[in-house]
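By convention in this document, chain letters (A, B, ...) are assigned in the order of the sequence lines, proteins followed by strands, and residues within each chain are numbered from 1.
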There are 2 protein chains.
Amino acid sequence: MRIGEVAAAAGVSPRALRYYEEQGLLTSQRHASGQRHYGQDAVQRVRWIQALYAAGLSSKSITGLVGCVHTGVATDAMRAQLAAERERIDTQIRDLTHTRDRLDAIIAAADDPDRMRASSGCEL
Amino acid sequence: MRIGEVAAAAGVSPRALRYYEEQGLLTSQRHASGQRHYGQDAVQRVRWIQALYAAGLSSKSITGLVGCVHTGVATDAMRAQLAAERERIDTQIRDLTHTRDRLDAIIAAADDPDRMRASSGCEL
DNA sequence: CTAAAACCTGACGTTGGCGTCAAGGGCAAG
DNA sequence: CTTGCCCTTGACGCCAACGTCAGGTTTTAG
């Protein structure tokens with residue numbers, strides 16, 4: 001697959017894929033003319049990278065995880081990083097859940113004029 | 001309370017509070033000399049603002065919500081925005097949960113040499 | 001064969017949520 | 001009074017994940 005195809009399939013821009021390669025997150029076979037060529041699994045890999053970005057990991061952290069899984073070898077430092085990131089994400093999920101619940105309370109108040117008036121300044 | 005006290009209590013910098021005021025997220029009483037003065041509730045308000053930032057809302061979105069709750073009046077547009085943000089956060093929670101579960105699988109593999117070897121290239 | 005579409009490298013632009021000086025004013029303690 | 005900490009505004013700095021433009025090559029469709 002060429003870069004445009006992979007980008008379209010993964011829902012990102014070609015620029016993003018070149019950036020990932022620059023950061024060491026994604027590799028590609030180069031055709032004689034210099035054009036990049038990817039295997040089918042590149043799409044899943046890009047989606048996974050996107051998920052990790054969405055979870056707040058930096059390029060450097062992702063590089064570590066990629067190297068870990070790629071080589072099939074996990075050092076203690078890698079295991080520690082995996083655990084740390086996992087905990088960070090877990091905390092983030094709890095915080096977001098709490099925020100969502102508070103938003104639900106505000107929405108309930110906004111849908112009910114009586115409670116809206118009664119709760120003036122309740123949350124904010 | 002003065003700006004430094006509020007900042008310390010909320011765990012942010014005074015600079016952040018001035019920035020919030022600049023964005024219309026936070027108001028303050030001004031003393032004759034120009035110094036800002038806040039009520040007790042400012043701390044909770046700042047924590048709430050932080051939670052919304054952490055949930056991925058922009059200053060402009062937060063301004064809308066603040067205005068909504070502050071005036072005690074919710075327009076249809078405000079209700080729509082509240083619902084939209086709530087859904088965004090809910091989706092984000094599901095995505096993060098999925099990412100965390102995949103990380104868990106990788107961690108399990110990394111802690112078990114046999115599965116580590118067997119799953120070479122499994123997720124990535 | 002040719003023209004459009006897709007690709008390349010390199011480099012500068014963007015955005016948001018502050019950090020960080022710079023230069024000065026105010027106020028309680030010793 | 002003065003020392004020192006906290007406050008003010010204004011302005012530039014920062015960083016990451018790309019967007020975008022320039023200027024040139026390659027591949028593909030007709």
Phosphate contact (D:dG19 OP1 or OP2) by A:Ser13 side-chain N/O below 4.0 Å: yes

OP1 or OP2 of D:dC18 under 4.0 Å from side-chain N/O of A:Tyr19: no

C:dT9 phosphate, OP1 or OP2, under 4.0 Å from A:Arg36 side-chain N/O: yes

Sugar-phosphate, base or nothing in reach of A:Leu57, heavy atoms under 4.0 Å: sugar-phosphate

Length of the NE2-P vector between B:His37 and C:dG26, whole Å: 19 Å

Protein-nucleotide distance (B:Tyr53, atom OH; C:dT15, atom P), rounded to Å: 16 Å

First of A:Leu17 and A:Ser33 reached from the 5' end of DNA chain D, by closest nucleotide: A:Leu17

Spacing of A:Met1 atom CE relative to C:dA6 atom P, expressed in whole Å: 15 Å

Heavy atoms of other groups near B:Glu22 CD, more than 12 under 6.0 Å: yes

Side-chain touch B:Arg94/B:Thr97, heavy atoms, less than 4.5 angstrom: no

Side chain to side chain donor-acceptor pair (under 3.5 Å) assessment of B:Ser59 paired with B:Tyr20: CA-CA 8 Å; B:Ser59 287; B:Tyr20 297 162; over 6 Å; no

Whole angstrom value for the distance that separates P of C:dC8 from CZ of A:Arg18: 5 Å

Phosphate-side-chain proximity, B:Arg30 and D:dT9, N/O vs OP1/OP2 below 4.0 Å: yes

Residue pair B:Gly64 / B:Gln81: nearest heavy atoms and the distance that separates them: CA-OE1, 4.3 Å

Nearest-Å distance for atom pair CD1/P, residues A:Ile62 and D:dA16: 12 Å

Between D:dA16 (P) and A:Ile49 (CD1): distance, integer Å: 17 Å

Any N/O donor-acceptor pair, A:Arg2 side-chain to D:dT27 base, under 3.5 Å: no

Out of D:dC7, C:dT9, D:dC18, whichever nucleotide has its closest atom nearest the side chain of B:Gln35: D:dC7

A:Ala16 side chain, from C-beta outward: closest of D:dC18, D:dC7, C:dG17: D:dC18

Closest nucleotide among C:dC18, D:dT27, C:dC7 to the A:Ile3 side chain: C:dC7

A:His31 NE2 - D:dT25 C1' separation (whole Å): 14 Å

Considering all heavy atoms, the nearest A:Ile49-A:Ile62 contact: O-CD1, 4.1 Å

Contact under 4.0 Å: A:Ser59 side-chain N or O vs D:dA16 OP1/OP2: no

Phosphate OP1/OP2 of C:dC18: any B:Tyr20 side-chain N/O under 4.0 Å: yes

First encountered from the 5' end of DNA chain C, between A:Tyr38 and A:Arg15: A:Tyr38

Enumerate, atom names and distances included, each donor-acceptor pair closer than 3.5 Å involving a side-chain atom of residues 23-33 of chain B, sequence neighbours excluded.
{"from": "B:Ser28", "atom 1": "OG", "to": "B:Glu21", "atom 2": "OE1", "distance (Å)": "3.0"}
{"from": "B:Arg30", "atom 1": "NH1", "to": "B:Gly34", "atom 2": "O", "distance (Å)": "2.9"}
{"from": "B:Arg30", "atom 1": "NH2", "to": "B:Glu21", "atom 2": "OE2", "distance (Å)": "3.1"}

Rounded distance in Å - CD (B:Glu21) to C1' (D:dC7): 13 Å

